[in-house]
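In what follows, every heavy atom counts, from backbone to side chain, and hydrogens, waters and symmetry copies are set aside. Being a predicted model, the structure only gives us computed values, none of them experimental.
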Amino acid sequence: MTEEEFIRLIAQLKPIFKGFKRLNASQVSRLRKLGFSIIRSKKHYILSYTICDKELRIEVNKTPSDRRSGIKTVKDISNILKKSGLIGQEAAG
């Protein structure tokens with residue numbers, strides 16, 4: 001994933017998670033269009049994102065207690081993508 005693609009992805013995630021209280025059908029649809037898979041567990045949603053044949057998983061509370069949780073979720077996704085070491089690399093194949 002190039003740096004530009006990363007920045008674009010994060011910019012598209014911000015409005016999805018703005019004011020996040022629960023994932024609704026619209027948010028799920030928009031996340032799926034960005035390439036995320038959503039797995040529902042008892043107390044969390046698990047967002048799965050595949051990049052360069054590597055699957056990254058991010059847990060999100062179903063009922064967050066903090067009004068800033070949406071902003072924090074985008075930041076968590078950003079950090080996980082950065083730590084994966086796949087940002088700044090061209091997709092192989």
Side-chain angles (χ1 to χ4, degrees):
M1 173 181 271
T2 65
E3 188 73 28
E4 292 87 23
E5 291 171 332
F6 169 73
I7 292 168
R8 197 171 333 142
L9 175 66
I10 297 304
Q12 291 172 328
L13 287 172
K14 286 180 181 180
I16 294 173
F17 284 102
K18 184 177 180 178
F20 175 70
K21 294 192 190 295
R22 291 180 180 207
L23 277 181
N24 59 35
S26 171
Q27 290 168 316
V28 168
S29 173
R30 290 164 58 190
L31 285 169
R32 286 191 175 139
K33 285 180 185 176
L34 292 176
F36 286 88
S37 299
I38 295 95
I39 302 164
R40 298 171 194 257
S41 67
K42 188 170 184 174
K43 295 184 179 187
H44 296 89
Y45 294 109
I46 300 170
L47 305 179
S48 176
Y49 189 73
T50 303
I51 175 174
C52 297
D53 297 329
K54 184 175 180 182
E55 182 181 25
L56 305 173
R57 290 181 171 225
I58 301 105
E59 279 192 16
V60 179
N61 286 333
K62 278 190 174 178
T63 54
S65 59
D66 186 2
R67 66 182 177 90
R68 294 179 39 86
S69 64
I71 296 166
K72 291 177 183 178
T73 298
V74 173
K75 187 67 175 172
D76 290 344
I77 293 169
S78 172
N79 288 337
I80 288 169
L81 287 171
K82 285 179 186 175
K83 288 179 184 177
S84 72
L86 299 171
I87 304 302
Q89 297 180 0
E90 294 295 326

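- Taking Arg22 as the reference, nothing meets the salt bridge (charged side-chain N to carboxylate O under 4.0 Å, His left out) condition, with sequence neighbours excluded.
- Checked by atom type and distance alone, the side chain of Asn61 never pairs as donor or acceptor with a backbone atom of Thr63 at under 3.5 Å.
- Between Ser84 and Lys54, some side-chain heavy-atom pair lies under the 4.5 Å cut-off.
- Residue pairs meeting the ring pair (Phe, Tyr, Trp, His ring centres under 6.0 Å) criterion with at least one member in residues 54-75, sequence neighbours excluded, do not occur.
- Side chains of Glu55 and Thr50: no donor on one and acceptor on the other come within 3.5 Å.
- Residues Leu56 and Leu47 are not in side-chain contact: their nearest non-hydrogen atoms beyond the backbone lie 4.5 Å or more apart.
- The backbone N or O of Ser69 sits nowhere less than 3.5 Å from a side-chain atom of Asp66 that would complete a donor-acceptor pair.
- The shortest side-chain heavy-atom distance between Ser41 and Glu59 does not fall under the 4.5 Å cut-off.
- In terms of the salt bridge (charged side-chain N to carboxylate O under 4.0 Å, His left out) criterion, Lys62 has no residue partners (sequence neighbours excluded).
- Contacts classified as ring pair (Phe, Tyr, Trp, His ring centres under 6.0 Å) and involving residues 8-27 (residues at least two apart or in different chains) are given here: Phe17-Phe20.
- Side-chain heavy atoms closer than 4.5 Å link hydrophobic residues (I, L, V, M, F, W, Y) into clusters, and following such links, even through other members, never connects Ile46 to Ile77.
- Counting only residues at least two apart or in different chains, ring pair (Phe, Tyr, Trp, His ring centres under 6.0 Å) contacts with residues 53-76 are absent.
- Identified under the ring pair (Phe, Tyr, Trp, His ring centres under 6.0 Å) test for residues 37-81, with sequence neighbours left out: Phe36-Tyr49.
- Leu31 is listed as a side-chain neighbour of Leu23, based on a closest heavy-atom distance under 4.5 Å.
- Between the side chain of Ser78 and the main chain of Val74, no donor-acceptor pair closer than 3.5 Å is present.
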